[in-house]
Undergrad: 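The structure follows.
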There are 2 protein chains.
Amino acid sequence: MQFTNIRMGITKTDQFTNKQNSIATLAKAIGHPARVAIIEYLLKVDSCICGDIVNELPLAQATVSQHLKELKNAGLIKGSIEGNAICYCLDEKALAKLQNYFENIAKHLEKKKSKCC
Amino acid sequence: MQFTNIRMGITKTDQFTNKQNSIATLAKAIGHPARVAIIEYLLKVDSCICGDIVNELPLAQATVSQHLKELKNAGLIKGSIEGNAICYCLDEKALAKLQNYFENIAKHLEKKKSKCC
DNA sequence: ATACAATATCGTAATATTGCAATTTACTAA
DNA sequence: TTAGTAAATTGCAATATTACGATATTGTAT
């Protein structure tokens, strides 16, 4: 038949709840090892990072900048200009949201204790 | 200059740790609202689901099947043949891994109480 | 065998992601 | 003003994802 859907390839965001989309957006942002590494680095240094993120990663400057942008868009990190560099740090609220979400799931699973499979 | 890198567009998995890749894989699988909806449905019904997942989602059967495959590949769900249907349920270990990961992050952030930004 | 069901796979179109060189932007320092 | 540094943006190539119709597969009835 070969009819062509104009929306082919686009995620059907409007068919799901805001909460589902919100969790998916956060998870998607974490869904790349470079971005996991960035998050872990920001966590490790125990303060904001001004400048040396690029040197920490095995990727080109343009690529790192792109990953930082995605983390920022998802709301996982915040960045503020600090002289000649940019100061990045983790957004507690976004990470708390994920922590809550998975804790809730874990609790539910604990209660039901896999009745099958 | 326009030189062509044969590996352009491929994630540089080998440049990151196993743990980082593992978390990224799990997060990526959750990074789509349809897959979040599937996980929440499996959680809600409080037992394995044999058959009615397709009817629960606003997507074509082929699309749902594809999403289930991705969740399975990531290790988030398990499926076993149950007569004429397939019985799906959540994998506790994978979800516990995520729960642990974010709990750890939350604890670290709690301690440091954002010294900047 | 035949018909029916549920699920998987194939093929394909549209869009998104990943990565980097080159360039631009924005600030610092001399 | 000029040079230097840090980060963002642009442009593009390669690959991945999303979605669905069509078809194949697998198991259950009759």
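Chain letters run A, B, ... following the sequence lines, proteins first and then strands; every chain starts at 1. Not measured: the values here are computed from a predicted model. The figures that follow rest on heavy atoms only: side chains count, while hydrogens, waters and symmetry mates do not.
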Undergrad: Go through dT18(D), dG19(C), dA8(D) for me and flag the one nearest to the Thr11(B) side chain.
TA: dG19(C)

Undergrad: From the list dG19(C), dG21(D), dC20(C), which nucleotide is the closest neighbour of the side chain of Ala60(A)?
TA: dC20(C)

Undergrad: Would you mind telling me which of dT18(D), dG19(C), dT18(C) lies closest to the side-chain atoms of Glu70(A)?
TA: dT18(C)

Undergrad: Can you confirm whether Asn73(B) sits close enough to Lys69(B) that some side-chain heavy atom of one is under 4.5 Å from a side-chain heavy atom of the other?
TA: yes

Undergrad: How many whole angstroms separate atom NE2 of His32(B) from atom P of dT18(D)?
TA: 5 Å

Undergrad: According to a strict under-4.0 Å criterion, is Lys69(A) in side-chain N/O contact with OP1 or OP2 of dA7(D)?
TA: no

Undergrad: Choose from dA22(C), dG19(C), dA8(C) the nucleotide whose nearest atom is closest to any side-chain atom of Ala62(A).
TA: dA22(C)

Undergrad: So which one's nearest nucleotide on DNA chain D is more toward 5', Thr63(A) or Thr63(B)?
TA: Thr63(A)

Undergrad: Rounding to an integer number of Å, can you tell me how far Gln15(B) CD sits from dC20(C) P?
TA: 9 Å

Undergrad: Between the base of dA8(C) and the side chain of Gln61(B), is there a donor and acceptor pair under 3.5 angstrom?
TA: yes

Undergrad: Which whole-number value in Å describes the distance from Gln66(B) CD to dG21(D) P?
TA: 13 Å

Undergrad: Side-chain N or O of Tyr88(A) versus OP1/OP2 of dA8(D): is the shortest distance under 4.0 Å?
TA: yes

Undergrad: Check the distance between dT5(D)'s P and Asp52(A)'s CG and give it to me in whole angstrom.
TA: 17 Å

Undergrad: Roughly, in whole Å, what's the span from NZ in Lys28(A) to P in dA16(D)?
TA: 16 Å

Undergrad: Is there side-chain contact between Ile77(A) and Asp91(A), with at least one heavy-atom pair below 4.5 Å?
TA: no

Undergrad: Give the nucleotide from the list dA7(D), dT15(C), dT9(D) with an atom nearest to the side chain of Ile10(A).
TA: dT15(C)

Undergrad: Using the closest heavy atom to pick a nucleotide of DNA chain D for each, name whichever of Val64(A) or Arg35(B) lands nearer the 5' end.
TA: Val64(A)

Undergrad: Nearest whole angstrom, please: distance from the C1' of dT9(D) to the CD1 of Ile86(A).
TA: 13 Å

Undergrad: Please state how far atom CG in Leu59(A) lies from atom P in dA21(C), giving the value in whole angstrom units.
TA: 11 Å

Undergrad: Just so I know, are the side chains of Thr11(A) and Phe16(A) near enough to count as touching, which here means a heavy-atom distance under 4.5 Å?
TA: no

Undergrad: Quick one, Leu76(A) and Arg35(A) - any side-chain contact, counting heavy atoms below 4.5 Å?
TA: no

Undergrad: Does His67(B) put a side-chain nitrogen or oxygen below 4.0 Å from OP1 or OP2 of dT17(D)?
TA: no

Undergrad: Could you give the CG-to-C1' distance, from Leu68(B) to dT17(D), as a whole number of Å?
TA: 16 Å

Undergrad: Anything under 30° is parallel, anything over 60° is perpendicular, the rest tilted; go ahead and classify His32(B) against His67(B).
TA: tilted

